[in-house]
Amino acid sequence: MSGFRHHRRSGASVATFTAFEADLLRSLAGQLIELLRNESATAAVQGDPLERLLDFSGPTTEPEDPVLARLFPTAYPDDQEAAEDFRRFTESGLRDGKAGAAAAIIDALEEAGLTSEPEDGTFIDVELDEEAAMTWMRSFTDMRLAIATRLEVEEGDEDYWHSLPDDDPRAQVHDIYDWLGYLQETLVHVLD
């Protein structure tokens, strides 16, 4: 397992993934896109003509799915009206941005040679300019938040995760969470 490194000539962030690793990243990004697109949002009642013209039809209530609630927290917990307005005007765009970042990971992996049926022994070389690297980092954050929420990861609970047997599915998913953190950390170091 290697992380990102700095390409001396181009200045890009580069990584080499095994076919398995690249396919796993593609799967995680795809699952994130599916999650972002599948929960129906409760739209606001549009009585204001300006709102109808500008299509501020975003959701006004917090998402029911705990992962989405974590990805889109309530901006004003002490002011319901302000929180609803903020969510209505921003959440649709934020969802699109997060889905677009995840899609950029899929596109980059496939452009680098990841096929629909990856073969063992195949390596996928990815080269990211600074903008693409920032997009990947944001998506790694979203993927890690999703996994941490599903697993109920808490600060300081590393001993618990290390105590689980290797064949426990939660331990395996936590290993993916750690791996994404490693990739993100190496990407941060390259960009510094």
Residues in side chain to side chain donor-acceptor pair (under 3.5 Å) with Glu130, at least two apart? none
Looking at residues at least two apart in the chain, or sitting in another chain, which of them share a side chain to side chain donor-acceptor pair (under 3.5 Å) with Asp96? Arg37
Counting only heavy atoms not in Gln80, do more than 12 fall under 6.0 Å of its CD? no
Show the nearest heavy-atom pair for residues [X] and [Y], with the distance to one decimal.
X	Y	value
Ala19	Leu114	O-CD1, 4.1 Å
Leu32	Ala102	CD2-CB, 4.2 Å
Leu183	Gly3	CD2-CA, 4.1 Å
Leu36	Ala99	CD1-N, 3.5 Å
Leu180	Met143	CD1-CB, 3.7 Å

Do any N or O atoms from the side chain of Asp157 and from the backbone of Tyr160 form a donor-acceptor pair under 3.5 angstrom? no
What residues, two or more places apart in sequence or in another chain, satisfy side chain to side chain contact (heavy atoms under 4.5 Å, CB included) together with [X]?
X	value
Pro165	Asp167, Asp168
Ala133	Ser13, Leu128, Leu187, Leu191
Leu151	Ile147, Val153, Trp161, Arg170, Val173, His174
Ala75	Phe86

Could you grab the distance from atom [atom1] of [X] to atom [atom2] of [Y], nearest 0.5 Å is fine?
X	Y	atom1	atom2	answer
Leu164	Asp159	CG	CG	11.0 Å
Asp65	Asn38	CG	CG	10.5 Å
Trp136	Gln184	CH2	CD	12.5 Å
Glu21	Leu109	CD	CG	11.0 Å
Arg95	Glu91	CZ	CD	4.5 Å
Glu131	Met134	CD	CE	10.0 Å

The criterion is salt bridge (charged side-chain N to carboxylate O under 4.0 Å, His left out); which residues satisfy it with [X], sequence neighbours excluded?
X	value
Arg70	none
Glu110	Arg26
Asp79	none
Asp178	none

Will you find, in the side chains of Thr141 and Arg144, an N or O donor that is under 3.5 Å from an N or O acceptor? no
With distance as the sole criterion, is a donor-acceptor pair present between the side chains of Thr61 and Arg87 under 3.5 Å? no
Would a 4.5 Å heavy-atom cut-off, applied to side chains only, mark Thr186 and Val190 as touching? no
Is there side-chain contact between Tyr76 and Glu81, with at least one heavy-atom pair below 4.5 Å? no
Running the 4.5 Å side-chain criterion over Ile, Leu, Val, Met, Phe, Trp and Tyr, what cluster does Ile33 land in, apart from itself? Ile106
Joint hydrophobic cluster, Val14 plus Phe17, side-chain heavy atoms closer than 4.5 Å: no
Are Leu25 and Leu145 connected in a single hydrophobic cluster, I mean Ile/Leu/Val/Met/Phe/Trp/Tyr linked by side-chain heavy atoms less than 4.5 Å apart? yes
For residues 117-127, run the donor-acceptor check on the side chains, cut-off 3.5 Å, and write out each pair with its distance to 0.1 Å, sequence neighbours left out.
| unit_1 | atom_1 | unit_2 | atom_2 | d |
| --- | --- | --- | --- | --- |
| Thr122 | OG1 | Glu119 | O | 2.9 |
| Asp125 | OD1 | Thr16 | OG1 | 2.6 |
| Glu127 | OE2 | Ser10 | OG | 3.3 |

